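Structure first, commentary second.
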Amino acid sequence: MSVVVYAPASIGNVSVGFDVLGAAVSPIDGTLLGDRVRVAAGQTSFSLQCVGAFVDKLPQQAEENIVYRCWQVFARELDKKGIALLSVAVTLEKNMPIGSGLGSSACSIVAALDALNRFHDQPLNETELLALMGEMEGEISGSLHYDNVAPCFLGGLQFMVEELGIISQKVPCFDDWYWVMAYPGIKVPTAEARAILPAQYRRQDVIAHGRYLGGFIHACHSQQPLLAAKMIHDVVAEPYREKLLPQFNQARKYALEAGAIASGISGSGPTMFSICTDLEVAQRLAKWLTVNYVQNDEGFVHVCQLDKQGAKVTGSEL
Ligand SMILES: Nc1ncnc2c1ncn2[C@@H]1O[C@H](COP(=O)(O)OP(=O)(O)O)[C@@H](O)[C@H]1O
Ligand SMILES: N[C@@H](CCOP(=O)(O)O)C(=O)O
């Protein structure tokens, strides 16, 4: 018996909700923009094999791969419940560039923990699993934030409520939005992009942040797409991070002039997202970004839609 789980790319923050809002996305052409993890019965308690386009960018030692830590914390939780841990042979298909702003580590974490849980007949419930995913993301980035793992696992646009035993809840979004995701091919480590943020903010920024985030969530619930798009402003991270992203300002200016209704940094960058309501505009913009924002042959641009499903089983073999 074996199981393969696919976990999609995600946009941390969606500009307007630093650490509390995230969206899962998948390319409209069917490309798998996410990692896959296969868990099968093993000869030893744990073994890890890595394959995929970005396998060379992973740490050399299996013990430094976040998938190994996922197995350790999963074992810890089973031990607490008095449930036997099975021997597993794990394969990670690393399709996501690291330090890209596309939630690459979240993809590995979510696919690994979901696959381990399914292989053991789901001993952990959704909230227990999501809490572990957040713990793993916190180890990598230096502080706990769920805005990648929650949408990656649960799908759609997710808001981190973190109250009443609930970690995250889905926010209604707009089905006709195309999300143009442009990854230039350079690396921005999340931990470093967090370290440059100020420890304190001015009152006017706090007020603006409240208005934008509250306005965005209100516009989503009342289904006012243009108002929602107007609220997509980042006063918390973007002013400090844009210097890490060559050509970001110029590319965003172009995107808005070309017809995108909003644009911003995906996660901690360097990926840029742009929202379009017209597929032709999205495709034209994607072409321009491929020539003008992508910096090397590791970069790419995809026209995406919200991935409403999140993590999913794709079969038993990779
Ligand atoms: N399976 C994995 N996938 C991605 N990164 C991993 C994995 N295992 C360990 N890492 C390490 O975690 C860090 C992830 O960096 P980060 O900037 O948070 O990436 P991202 O923002 O793309 O998730 C890197 O230092 C990387 O070497
Ligand atoms: N809220 C986080 C999101 C980081 O996303 P990543 O894809 O860059 O890991 C932040 O902005 O630091």
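Indexing begins at 1, ligand by ligand and atom by atom, following the structure's order. When reading the values below, keep in mind they use all heavy atoms of this one structure, side chains included, and skip hydrogens, waters and symmetry mates. The structure displayed is predicted, hence computed values, not measured ones.
Of all atoms in ligand 1, listed by their number and element, those nearer than 4.0 Å to a heavy atom of P59 are 9 (C), 27 (O). Interface of P189 with ligand 1, defined as ligand atoms under 4.0 Å from a residue heavy atom, comprises 17 (O). Every atom of ligand 1 with a heavy atom of L92 under 4.0 Å away is listed here by number and element: 1 (N).
Regarding atom 4 (C) of ligand 1, its nearest protein heavy-atom neighbour is K94 NZ, 3.5 Å. The single protein non-hydrogen atom nearest to atom 8 (N) of ligand 1 is I66 N, 3.0 Å, given as residue, atom name and distance. When hydrogens are left out, the protein atom nearest atom 13 (C) of ligand 1 is I140 CG2, 3.8 Å; that is the closest non-hydrogen contact.
Summarising the local packing, NZ of K170 is surrounded by more than 12 heavy atoms from other residues, nucleotides or ligands at distances under 6.0 Å. Heavy-atom contacts from other residues, nucleotides or ligands closer than 6.0 Å to CD of E63 number more than 12.
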Q. Step by step, would you call Q72 with Y68 a side-chain hydrogen bond (donor to acceptor under 3.5 Å, both in side chains)?
A. CA-CA 6 Å; Q72 284 188 319; Y68 174 72; 3.2 Å; yes
Q: Could you walk me through whether S87 and Q43 pass side-chain hydrogen bond (donor to acceptor under 3.5 Å, both in side chains), step by step?
A: CA-CA 7 Å; S87 295; Q43 303 291 320; over 6 Å; no
(Q) Is there a side chain to side chain contact (heavy atoms under 4.5 Å, CB included) between I196 and L244? Walk through the geometry before answering. (A) CA-CA 10 Å; I196 62 165; L244 304 175; 3.8 Å; yes
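R211 meets the salt bridge (charged side-chain N to carboxylate O under 4.0 Å, His left out) test with no other residue; sequence neighbours excluded. Residues that satisfy the salt bridge (charged side-chain N to carboxylate O under 4.0 Å, His left out) test with R284, not counting sequence neighbours, are absent from this structure. Residues passing the side-chain hydrogen bond (donor to acceptor under 3.5 Å, both in side chains) test with K308, sequence neighbours excluded: D175.
For F174 and W177, the ring centers are positioned less than 6.0 Å apart.
With a 4.0 Å cut-off on non-hydrogen atoms, N65 touches ligand 1 through its backbone as well as its side chain. Contacts of L102 with ligand 1, taken as heavy-atom pairs under 4.0 Å, are absent altogether. Within the 4.0 Å heavy-atom criterion, neither part of N148 lies near ligand 1. Only backbone heavy atoms of E64 (N, CA, C or O) come within less than 4.0 Å of ligand 1; its side chain stays farther off.
In this structure, atom 25 (O) of ligand 1 has no protein heavy-atom contact shorter than 4.0 Å.
When the heavy-atom distances from atom 22 (O) of ligand 1 to G99, S266, S105, G142 are ranked, the shortest goes to G99. Residue L58 holds the heavy atom nearest to atom 2 (C) of ligand 1 of all those in L58, I98, V67, V37.
Ordered by chain and residue number, the residues placing a heavy atom less than 4.0 Å from ligand 2 are N13, F18, D19, G101, L102, G103, H145, D147, N148, T190, R194, R241, G267, S268.
In terms of polar-atom proximity, T190 is counted as a contact of ligand 1, with an N or O under 3.5 Å from an N or O of the ligand. Of the N or O atoms in S108, one or more lie within a sub-3.5 Å distance of an N or O in ligand 1.
By the 4.5 Å heavy-atom criterion applied to side chains, Y201 and V235 are not counted as neighbours.
Using modelled atom types, one finds no donor on one side chain facing an acceptor on the other under 3.5 Å when comparing E298 with N296. Side-chain contact, N148 with S10: a donor N or O sits under 3.5 Å from an acceptor N or O. For R194 and S143, the side-chain atoms include at least one donor-acceptor pair closer than 3.5 Å.
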